[in-house]
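Everything on this sheet refers to the single structure shown next.
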Amino acid sequence: MQAIDDEFMREALTEAEAAGKDGEVPVGAIIVLDGNVIARGRNAMRGANDPTAHAEIVALRKAASSIGNYRLVGATMYSTIEPCAMCAGALIHARIERLVFGAKDPKAGAVETHFGICNADFLNHQVSAEGGILEGECRRVLQSFFRDRRKT
């Protein structure tokens with residue numbers, strides 16, 4: 001599973017890098033169902049003037065549209081960073097089966113760092129979560145972006 005997770009995380013990293021080139025915080029996400037990428041997302045808050053346009057939400061919207069159902073049963077999301085509370089909650093509502101993320105988010109991460117939303121037993125669905133996949137690469141993309149912004 002590790003090789004497959006690495007491969008799909010690299011695709012999420014491609015989305016993150018594209019977001020950074022657009023001036024957005026470089027976070028990328030993809031959704032995989034039955035071994036196929038069904039949706040891609042990247043941060044678009046600034047460009048869309050939409051505070052909910054996180055990479056994960058963008059990918060969830062596209063995935064639901066592509067299969068014609070808001071429930072994404074059996075799907076896996078790959079995100080370059082640990083999702084925030086909004087995104088983790090959306091994963092629950094979408095019935096995502098598995099979340100794979102790269103870097104932990106010490107400020108807003110709501111899956112492992114804070115809250116444990118994806119495996120809260122009081123919710124009607126839990127999402128299996130695994131962090132640290134290509135963590136160094138995911139962290140470097142973010143750190144480079146913010147380092148460059150501080151220089152300008």
Side-chain angles (χ1 to χ4, degrees), residues 2-72 74-115 117-118 127 129-152:
Q2 181 70 38
I4 292 169
D5 287 346
D6 286 357
E7 177 185 329
F8 285 129
M9 186 59 76
R10 288 190 198 293
E11 292 197 43
L13 274 163
T14 298
E15 294 300 319
E17 290 164 351
K21 288 177 184 169
D22 290 342
E24 303 280 354
V25 174
V27 176
I30 66 165
I31 298 178
V32 176
L33 183 62
D34 298 327
N36 298 306
V37 176
I38 62 167
R40 300 171 184 279
R42 63 179 76 139
N43 272 359
M45 286 96 55
R46 292 177 60 149
N49 292 315
D50 179 355
T52 69
H54 290 198
E56 299 91 338
I57 300 297
V58 171
L60 286 168
R61 288 175 180 156
K62 289 179 179 178
S65 180
S66 78
I67 69 165
N69 192 336
Y70 75 97
R71 289 193 172 171
L72 303 170
T76 298
M77 172 176 280
Y78 291 83
S79 177
T80 58
I81 195 166
E82 178 183 6
C84 70
M86 173 184 68
C87 294
L91 295 175
I92 300 292
H93 288 291
R95 306 298 196 274
I96 291 287
E97 181 176 320
R98 182 170 178 251
L99 165 68
V100 178
F101 67 89
K104 285 190 176 184
D105 185 344
K107 293 182 180 178
V111 176
E112 289 181 0
T113 304
H114 306 287
F115 311 121
I117 291 173
C118 285
V127 176
E130 180 178 355
I133 305 300
L134 301 184
E135 181 175 11
E137 292 177 49
C138 292
R139 187 173 316 286
R140 273 190 293 284
V141 169
L142 285 161
Q143 288 173 338
S144 295
F145 175 80
F146 287 113
R147 189 178 317 110
D148 291 347
R149 286 189 71 145
R150 284 190 294 274
K151 288 179 186 176
T152 58

Salt bridge (Lys or Arg N to Asp or Glu O under 4.0 Å) filter on E24, not counting sequence neighbours, yields none

Euclidean distance, S66 OG relative to L72 CG, rounded to 0.5 Å: 8.0 Å

Does any non-hydrogen side-chain atom of I96 lie less than 4.5 Å from one of L60? yes

E17 versus R42: any side-chain heavy-atom pair under 4.5 Å? no

To the nearest 0.5 Å, what is the distance between CE on M77 and CG on L91? 5.0 Å

A side-chain contact here means heavy atoms from C-beta on lying under 4.5 Å apart; do V111 and F101 qualify? yes

Search all heavy atoms of A110 against all heavy atoms of A85 and return the closest pair with its distance. CB-N, 3.3 Å

Side chains of D5 and R98 in contact at under 4.5 Å (non-hydrogen atoms): yes

Mind checking the NZ-CZ spacing from K151 to F146? Nearest 0.5 Å is all I need. 15.0 Å

Could you tell me whether the side chain of N43 reaches within less than 4.5 Å of the side chain of P26, counting heavy atoms only? no

Could you tell me which residues satisfy salt bridge (Lys or Arg N to Asp or Glu O under 4.0 Å) with D50, sequence neighbours excluded, listed by chain and number? R61

Candidates T80, V25, D105 - the one meeting side-chain contact (heavy atoms from CB on, under 4.5 Å) with L142: V25

Close side-chain approach of R10 to L134, heavy-atom, < 4.5 Å: yes

Do you know the tightest heavy-atom contact between G102 and M9? N-CE, 3.5 Å

Do I38 and K62 come within less than 4.5 Å of each other through their side chains, counting heavy atoms only? no

In chain order, what residues pass the salt bridge (Lys or Arg N to Asp or Glu O under 4.0 Å) check against E7, with sequence neighbours excluded? none

Side chain proximity check, S79 to V27, heavy atoms < 4.5 angstrom: yes

